[in-house]
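Indexing begins at 1, ligand by ligand and atom by atom, following the structure's order. We use all heavy atoms of the structure for the numbers below, so side chains are in, but hydrogens, waters and symmetry mates are not. The first residue in the sequence is number 1, and the count goes up from there.
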Amino acid sequence: MAELPEKLDKSGEMEMLAQAFAAFSEASAKLEQKYSIIEEEAKKLREEVEEKNLQLSKLSSLLESVLNNSNSCVLAADDSGVILVKNPVAECFITELGTDAFTSMLNMHRESGVFDHEEDGRTFRISVGRLENLEQKGYVYVIDDVTHIKQLETERQRDEKLVLMGEMAANIAHEIRNPLGSIELFASLLERDLKNDESGTKLTRSIVKGVRTINSIISNILLFTKEIKLEPQNRFVADIVDDVVLYLQHLMKEKNIRFINRINEEHVVRCDTELCKQVVMNIVHNAIEAVPEGGMIVIESFSEPERSGFTVTDNGSGISESMRKKLFIPFQTTKAKGTGLGLAIVYKILKAHSGQISVESDGATHTKFIVEFPV
Ligand SMILES: Nc1ncnc2c1ncn2[C@@H]1O[C@H](COP(=O)(O)OP(=O)(O)OP(=O)(O)O)[C@@H](O)[C@H]1O
Ligand SMILES: [Mg+2]
């Protein structure tokens with residue numbers, strides 16, 4: 001076999017090497033290209049993961065702040081009653097009610113729905129929802145203290161009842177009035193026929209007295225329930241007081257009461273005359289009932305640029321602080337035979353005049369009512 005010349009042999013090797021090197025370079029360039037694509041994709045994926053993580057942490061901090069800033073108690077408990085998560089309001093409730101009471105409250109409500117729960121004199125509105133995910137099963141609770149709302153609801157219902165009662169009372173009062181008038185008339189006629197029979201006259205007088213008492217209660221109920229229509233005039237306080245005193249003087253005499261009238265003859269109030277008389281009458285009547293035998297009642301007037309009116313002071317039993325708070329609410333009385341409407345009517349009349357009534361008392365020895373009308 002003929003031998004290749006040494007020169008040719010070497011150049012062939014060189015060429016093969018060059019080819020191999022070229023192939024290697026090409027492969028390496030391709031590899032580099034692939035690598036940079038992969039690197040690019042990895043970078044994108046990394047960015048996406050970072051973005052998702054950011055969104056997740058934003059969402060979780062939003063949820064956390066929603067939970068923490070909620071005014072309601074929010075918590076989740078698993079099926080065995082273990083609390084999984086709770087917000088600060090829930091912690092407050094647990095501290096206030098005690099762990100045992102709180103846990104037993106949750107355990108009593110293990111179905112979806114809304115429940116009102118009474119605990120410790122408070123009302124809690126509990127909204128329960130089922131919690132079910134891969135890891136946990138239990139309930140989500142949203143709890144609110146609705147004691148105040150419940151009270152308002154009760155008050156509204158009571159007001160509605162009062163209005164209905166008022167309407168009913170007004171109807172009944174009307175119906176009673178007519179036969180009552182006849183009873184009074186017949187008793188007066190009987191009294192006249194029995195004028196020589198002392199014990200008979202005494203009985204008929206009692207009937208008339210009883211009828212008048214019922215009549216005045218009925219008048220009060222009617223006055224309280226009916227709408228007030230004012231016919232305001234400028235009137236001397238002295239005239240109004242004199243009329244009322246005339247009507248009440250026999251009661252004052254019976255109790256030997258010293259009535260001191262310090263009304264200034266020139267003082268005027270702008271009011272509906274009959275209603276203003278009713279105001280004076282109720283206040284002075286209460287004073288008469290409050291003072292002891294031989295007690296004292298003082299009535300004084302005042303007249304200022306923006307208001308005028310009068311004060312009634314007595315040295316009676318005084319009004320306790322708890323009674324003072326509810327004095328003008330209907331049917332509040334400490335008297336066996338009182339209806340508790342007198343001052344409620346006074347209040348209503350003064351409100352209709354845009355006037356005011358206030359009371360000062362030490363709760364034991366004296367009481368002063370201050371009545372003022374706008375000028
Ligand atoms: N001058 C007073 N001194 C002490 N207590 C008073 C006085 N005025 C009112 N009160 C108290 O306020 C309550 C309410 O008075 P109000 O006139 O509204 O009703 P009443 O007098 O009890 O009954 P009514 O006037 O309907 O017959 C009284 O029961 C009494 O306890
Ligand atoms: Mg009274």
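- Within the cation-pi definition used here (under 6.0 Å to the ring centroid, within 45° of the axis), R130 qualifies as a partner of Y139.
- With ring centers used as reference points, F93 lies under 6.0 Å from F124.
- E372 places a side-chain heavy atom less than 4.5 Å from the side chain of F302.
- The part of M323 lying near ligand 1 is the side chain, judged by heavy-atom distances below 4.0 Å.
- Among all protein heavy atoms, the one lying closest to atom 1 (N) of ligand 1 is D314 OD2, 2.9 Å.
- In this view, S36 satisfies the side chain to side chain donor-acceptor pair (under 3.5 Å) rule with no residue, not counting sequence neighbours.
- The protein atom (non-hydrogen) at minimum distance from atom 2 (C) of ligand 1 is A290 CB, 3.7 Å.
- Taking 4.0 Å as the cut-off, N282 does not count as a neighbour of ligand 1 on heavy-atom distance.
- R122 and E118 are not joined by a salt bridge, as no carboxylate oxygen comes within less than 4.0 angstrom of a charged side-chain nitrogen.
- At a 4.0 Å cut-off, at least one heavy atom of F369 sits close enough to ligand 1 to count as contact.
- Side chain to side chain, S219 and R177 meet the donor-acceptor criterion of an N or O pair below 3.5 Å.
- At a 4.0 Å cut-off, at least one heavy atom of S317 sits close enough to ligand 1 to count as contact.
- The closest side-chain heavy-atom distance from T273 to E231 is not below 4.5 Å.
- For atom 5 (N) of ligand 1, the closest heavy atom belonging to the protein is I319 CG1, 3.3 Å.
- Scanning the protein heavy atoms around atom 29 (O) of ligand 1, the nearest turns out to be T334 N, 2.9 Å.
- The count of protein N, O or S atoms under 2.8 Å from the Mg ion (ligand 2) stands at 1, with waters excluded from the count.
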